[in-house]
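Throughout, a chain's letter reflects where its sequence line sits, starting with A, and its residues are numbered from 1. Note that these values count all heavy atoms, side chains included, but never hydrogens, waters or copies made by symmetry.
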Protein chains: 2
Amino acid sequence: MDIDRIDRKILSILQEDGRIANVDLAERIGLSPTSVGERLKRLQREGFVEGYGARLNPQRLGLGLLVFVEVLLDKTTPDNFERFARAVKLAPEVLECHMVAGGFDYLVKARLSDMTAYRRFLGERLLSMPGVRETRTYAVMEEIKRDAPLPVG
Amino acid sequence: MDIDRIDRKILSILQEDGRIANVDLAERIGLSPTSVGERLKRLQREGFVEGYGARLNPQRLGLGLLVFVEVLLDKTTPDNFERFARAVKLAPEVLECHMVAGGFDYLVKARLSDMTAYRRFLGERLLSMPGVRETRTYAVMEEIKRDAPLPVG
DNA sequence: ATATTTGACCGCAGATATTATGGATATTGA
DNA sequence: TCAATATCCATAATATCTGCGGTCAAATAT
């Protein structure tokens, strides 16, 4: 149920290189491929590993603009939150959305091709959603750190 | 050099399941494994795919608290930005950090085990960094959308 | 018109990797 | 002590990847 030093090392390596062959992983760990395979299967079964994904280059795909948008909702009707959440999940430009405690209600992270696309996104997606009262956008000028691995060590 | 419908489908599938066997990927695409393998190799060579990674469950790893921190720097000395960037890259709790245009300088995303760890992080990491003048923290109460795939379609 | 080049695709076979099985060893708790 | 459980390993069968040769069609040159 719990997780030892070896498990953490497995997770750490897999986070960096999710496609490493089990043989090579075992080599780096210092155990046999069979053992490492069994450990990994357990880690997956117990929910530590949710899946695997390719890391794509956003620039290369024409998604050069990263923005964060703070969103404030009307609190008059309580189901606004529900509806906002549902709409956000359907918007492909939105990579993340979190409900936060503090000066606003939601923080949205979105990737777009350029400012034109952003204007369209803001107008046609965000502001057109019912209950949205105010937004503040912060455009990213430089990505200092991007999608770092979770600290499992 | 450019990228057609089939390439996009490959990227889309790999984003969701980065460990899919080439045979199965080819099956879903409707081409032979060899062709798909060649395409994928090209996509990697040309920088569309940067790598692969396991998706871990933060809760399961005891990282239940997600926070966003807005950071303002002293603009008196220009190398503060350099130093801040360097320090942030070394902090394992920081998953993302972006320099933004707008009301503050940096937006930091960090995962921690709990509020105690957050207090330590804020005090010993962020505020102790030279040039940091002000921070505003927003604790995430609910993750509506987390690490959605890039819209390649 | 015809030859040639180019690019995308495919099948096959040797090399490589995964996985299921059985068994050895060590640790734990009754 | 003795059984039960964990972890690990070697082996073998099963599946997968990959390099190579070859086909085909479209574009280009002669």
I need the [atom1]-[atom2] distance between [X] and [N], as an integer number of Å.
X	N	atom1	atom2	answer
Leu25(B)	dT16(D)	CG	P	13 Å
Leu40(B)	dC9(C)	CG	C1'	16 Å
Ile20(A)	dC17(D)	CD1	C1'	16 Å
Asp24(B)	dT16(D)	CG	C1'	10 Å
Asp4(B)	dC9(C)	CG	C1'	13 Å
Asn22(B)	dG19(D)	CG	C1'	14 Å
Ile29(B)	dA8(C)	CD1	P	16 Å

In terms of side-chain geometry, is the basic nitrogen of [X] or [Y] positioned less than 4.0 Å from the acidic oxygen of its partner?
X	Y	value
Glu50(B)	Arg146(A)	yes
Glu70(B)	Arg136(A)	no
Arg39(A)	Asp4(A)	yes

Quick test: give all pairs of protein nitrogen or oxygen and nucleotides 9-12 of chain D nitrogen or oxygen below 3.5 Å, distance rounded to 0.1 Å.
{"from": "dC9(D)", "atom 1": "OP2", "to": "Ser32(A)", "atom 2": "N", "distance (Å)": "2.7"}
{"from": "dC9(D)", "atom 1": "OP2", "to": "Ser32(A)", "atom 2": "OG", "distance (Å)": "3.3"}
{"from": "dC9(D)", "atom 1": "OP2", "to": "Ser35(A)", "atom 2": "OG", "distance (Å)": "3.3"}
{"from": "dA10(D)", "atom 1": "N6", "to": "Thr34(A)", "atom 2": "OG1", "distance (Å)": "3.3"}

Considering heavy-atom distances to DNA chain D, does Arg19(A) or Arg39(A) have its closest nucleotide positioned more toward the 5' end? Arg39(A)
Contacts to DNA chain D from residues 41-55 of chain B, heavy-atom cutoff under 4.0 Å, which residues?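 Heavy-atom contacts with DNA chain D come from Lys41(B).
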Is there a chain of hydrophobic side chains (I, L, V, M, F, W, Y, each step under 4.5 Å between heavy atoms) that links Ile144(A) to Leu126(B)? yes
Do Tyr52(A) and Leu11(A) belong together in a cluster built from hydrophobic side chains that touch within less than 4.5 Å?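 Same hydrophobic cluster.
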Residue that, paired with Ile13(B), satisfies side chain to side chain contact (heavy atoms under 4.5 Å, CB included) out of Ile29(B), Val152(B), Asp24(B): Ile29(B)
Are Arg133(B) and Asn80(B) close enough, and set up right, to give a side-chain contact (heavy atoms from CB on, under 4.5 Å), and what steps lead you there? CA-CA 11 Å; Arg133(B) 186 163 54 163; Asn80(B) 270 351; over 6 Å; no
Do Tyr138(B) and His98(A) have their ring centres less than 6.0 Å from each other? no
Report the C-alpha distance between Asp147(A) and Arg55(A) in whole Å, list the side-chain angles of each, state the deciding distance to 0.1 Å, and finish with yes or no for side-chain contact (heavy atoms from CB on, under 4.5 Å). CA-CA 10 Å; Asp147(A) 270 317; Arg55(A) 281 190 297 268; 5.8 Å; no
What is the pairing partner of dT25(C), taking Watson-Crick or G-U wobble pairs with both distances under 3.5 Å in any strand?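 The base-pairing partner of dT25(C), which may sit in any strand shown, does not exist here.
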